[in-house]
Amino acid sequence: LYKPLQIKRVTDVTESLSYGPGLKDFPSAALRALGLGARRLSALQNNKLNKKQRGNELGQATDKAHEANLVYAEGVKGVDPRQEEQFKTIYGLNEVTGPDNADAVKASIVMNVLKRNVGPGVITIGGCDYHDSTQTTGDNKDLEIGREIGRAVEAAHQLGKPLFFQILTDGGVYAKDGKREWIGDSGDRSLSVVGFYNPKGASNQPRLQVGRYTDGQGIDRDSLVGSDPVKAAYAVFANYLNVCGRLGDFEKVAPRGVFTPQELDSLLVFS
């Protein structure tokens with residue numbers, strides 16, 4: 001239903017929150033009339049959708065989207081981090097920073113997620129396949145990842161907004177015994193990390209880890225989330241809903257019976 005938007009330039013965000021560059025010179029009254037016309041046309045189409053499976057849900061989502069689009073007729077402000085003092089300081093930006101600057105792009109994603117102009121955001125960091133038999137390459141890359149988390153948390157703090165984040169990887173690495181000199185790939189040693197910044201104060205953490213490793217330093221596939229990456233994903237989703245105060249909605253989205261109530265409770269990291 002929703003298509004992710006790849007952000008390569010700050011203008012990718014600003015143009016997505018508008019009627020597009022092709023209509024940028026249209027007066028707001030004309031854009032609003034265009035939006036109202038599209039909404040009326042959609043309402044007529046919804047009558048046909050209601051007769052199809054889950055058509056009512058699709059119609060409701062479409063109605064909300066058309067209603068939201070009317071806001072863009074007047075233009076949306078506060079979406080460019082190069083014009084926001086807090087983000088200029090945190091990310092080292094200024095008015096002449098190019099729209100394709102890497103820090104400006106990352107700031108754009110973080111800022112608009114925190115301001116709820118967009119949905120979830122993803123920052124991709126390359127070069128994490130760092131098994132070159134040294135510790136230095138891995139340490140530098142880990143520092144880069146930590147820096148991005150730190151900047152996002154600082155932005156959330158300054159805006160007084162909550163932030164839930166997750167570190168995702170498509171695999172793990174293994175090292176020489178007793179050292180951090182990374183030798184090669186090892187999906188059996190992978191993990192995912194979640195964190196939650198609450199501007200109202202630190203949350204309680206009844207547990208610091210979900211799942212476990214064996215004595216051989218590989219994933220224990222007999223643990224609740226160790227046997228299936230899909231279950232691991234739903235465990236993260238449950239934690240996100242929990243910090244939002246909407247854990248009761250889990251069963252509306254997750255497959256029936258994916259976790260028992262007791263299992264679901266055992267997966268919650270924050271309380």
Visitor: If you round to the nearest 0.5 Å, how far is OG1 of Thr214 from CG of Asp222?
Guide: 10.0 Å
Visitor: Hey, does the side chain of Arg207 reach the backbone of Leu268 with a donor-acceptor pair shorter than 3.5 angstrom?
Guide: yes
Visitor: For a 4.5 angstrom cut-off between non-hydrogen side-chain atoms, does Cys128 reach Ile145?
Guide: yes
Visitor: Enumerate, atom names and distances included, each donor-acceptor pair closer than 3.5 Å involving a side-chain atom of residues 241-254, sequence neighbours excluded.
Guide:
| from | atom 1 | to | atom 2 | distance (Å) |
| --- | --- | --- | --- | --- |
| Asn242 | ND2 | Phe270 | O | 2.8 |
| Arg246 | NE | Asp249 | OD2 | 2.8 |
| Arg246 | NH2 | Asp249 | OD2 | 2.9 |
| Asp249 | OD1 | Lys252 | NZ | 3.2 |

Visitor: Considering all heavy atoms of both residues, which atom of Pro120 and which atom of Val113 are nearest to each other, and what is their separation?
Guide: C-CG2, 4.1 Å
Visitor: Quick check: are there more than 12 heavy atoms from other residues, nucleotides or ligands sitting under 6.0 Å from CD of Gln209?
Guide: yes
Visitor: On a heavy-atom basis, which atom in Asp12 and which in Leu5 lie closest, and how many Å separate them?
Guide: O-CD2, 3.5 Å
Visitor: If you round to the nearest 0.5 Å, how far is CD of Gln83 from CG of Asn94?
Guide: 12.0 Å
Visitor: Which pair of heavy atoms, one from Leu163 and one from Ala156, lies closest together, and at what distance?
Guide: CB-CB, 3.9 Å
Visitor: Please output the side-chain donor-acceptor pairs of residues 169-180 that fall under 3.5 Å, not counting sequence neighbours, one pair per line with the distance.
Guide:
| from | atom 1 | to | atom 2 | distance (Å) |
| --- | --- | --- | --- | --- |
| Thr169 | OG1 | Gly171 | N | 3.2 |
| Thr169 | OG1 | Gly171 | O | 2.8 |
| Lys176 | NZ | Glu181 | OE1 | 3.1 |
| Arg180 | NH2 | Asp139 | OD1 | 2.8 |

Visitor: For the atom pair CG (Asp80) and CG (Asn112), what is the distance rounded to the nearest 0.5 Å?
Guide: 9.0 Å
Visitor: Identify the heavy atoms of Glu144 and Ile125 that sit nearest to each other, and give their distance.
Guide: OE2-CG2, 3.6 Å
Visitor: Hey, quick one: are Tyr213 and Leu224 part of the same hydrophobic cluster, counting side-chain heavy atoms closer than 4.5 Å, chains of contacts allowed?
Guide: no
Visitor: Please round to the nearest 0.5 Å and tell me the distance separating atom CD of Gln135 and atom CG of Asn140.
Guide: 10.0 Å
Visitor: What orientation do Tyr234 and Phe237 show, parallel under 30°, tilted 30 to 60°, or perpendicular over 60°?
Guide: perpendicular
Visitor: Are Ile149 and Leu191 co-members of a hydrophobic cluster defined by side-chain heavy atoms under 4.5 Å apart?
Guide: yes
Visitor: Indicate whether the side chain of Ser186 and that of Asp188 have a donor and an acceptor atom separated by less than 3.5 Å.
Guide: no
Visitor: Looking at Asp100 and Lys8, would you say the former's side chain and the latter's main chain have a donor-acceptor pair under 3.5 Å?
Guide: no
Visitor: Does Glu84 form a salt bridge (Lys or Arg N to Asp or Glu O under 4.0 Å) with Lys115? I'd like the steps, not just the answer.
Guide: CA-CA 12 Å; Glu84 303 286 327; Lys115 289 188 174 185; 3.5 Å; yes
Visitor: When you compare the side chains of Gln166 and Ser192, does any donor N or O come within less than 3.5 Å of an acceptor on the partner?
Guide: yes
Visitor: For side chain to side chain contact (heavy atoms under 4.5 Å, CB included), just list the numbers for Arg189 and Ile219, CA-CA rounded to whole Å, side-chain angles, deciding distance to a tenth of an Å, and then say yes or no.
Guide: CA-CA 6 Å; Arg189 290 171 172 80; Ile219 297 170; over 6 Å; no
Visitor: Give, for atom CG of Asn198 and atom NZ of Lys200, the distance between the pair rounded to the nearest 0.5 Å.
Guide: 7.0 Å
Visitor: Under 30°, 30 to 60°, or over 60°: which ring-plane class applies to Tyr197 and His157, parallel, tilted or perpendicular?
Guide: perpendicular
Visitor: Using a 3.5 Å distance criterion without hydrogens, assess whether the side chain of Lys141 forms a donor-acceptor pair with backbone atoms of Gly126.
Guide: yes
Visitor: Output, in order, the C-alpha distance, side-chain angles, deciding distance and verdict of side chain to side chain contact (heavy atoms under 4.5 Å, CB included) for Lys88 and Glu95.
Guide: CA-CA 9 Å; Lys88 286 163 64 176; Glu95 290 80 358; 2.6 Å; yes
Visitor: In sequence, state the C-alpha distance, the side-chain angles, and the governing distance for Arg151 and Lys106, and then conclude on side chain to side chain contact (heavy atoms under 4.5 Å, CB included).
Guide: CA-CA 10 Å; Arg151 295 201 293 189; Lys106 293 170 185 174; 4.0 Å; yes
Visitor: Treating Asp265 as the side-chain partner and Pro261 as the backbone partner, does any N or O pair qualify as donor plus acceptor under 3.5 Å?
Guide: no
Visitor: Any idea which heavy atoms bring Ala152 and Tyr91 closest together, and the distance?
Guide: N-OH, 3.9 Å
Visitor: Would you mind reporting whether Pro199 and Pro162 have side-chain heavy atoms less than 4.5 Å apart?
Guide: yes
Visitor: Quick one: does Leu267's side chain get under 4.5 Å of Phe259's, heavy atoms only?
Guide: yes
Visitor: Do Phe164 and Leu114 sit in one hydrophobic cluster, given that two such residues count as connected whenever their side-chain heavy atoms are within less than 4.5 Å of each other, even indirectly?
Guide: no
Visitor: Look at the side chain of Ser223 and the backbone N and O of Asp220, then say whether any donor-acceptor pair between them is shorter than 3.5 Å.
Guide: yes
Visitor: Check whether Val110 and Val79 end up in the same hydrophobic cluster, where Ile, Leu, Val, Met, Phe, Trp and Tyr are linked by side-chain heavy atoms less than 4.5 Å apart.
Guide: yes
Visitor: Closest heavy-atom contact between Ala238 and Leu264?
Guide: CB-CD1, 3.6 Å
Visitor: Identify whether Ile167 and Val194 are in the same connected component of the hydrophobic contact network (ILVMFWY, side-chain heavy atoms under 4.5 Å).
Guide: no
Visitor: If only atom types and distance count, is the side chain of Arg82 paired as donor or acceptor with the main-chain N or O of Thr97 below 3.5 Å?
Guide: yes
Visitor: Mind checking the NE2-OG1 spacing from His131 to Thr137? Nearest 0.5 Å is all I need.
Guide: 11.0 Å
Visitor: Below 4.0 angstrom, N of the basic side chain to O of the carboxylate: do Glu154 and Arg147 qualify?
Guide: no
Visitor: Determine, stepwise, if the pair Val269 / Leu208 fulfils side chain to side chain contact (heavy atoms under 4.5 Å, CB included).
Guide: CA-CA 6 Å; Val269 178; Leu208 298 178; 5.8 Å; no
Visitor: Output yes when a side-chain donor or acceptor of Ser108 lies under 3.5 Å from a complementary backbone atom of Ala104, and no otherwise.
Guide: no
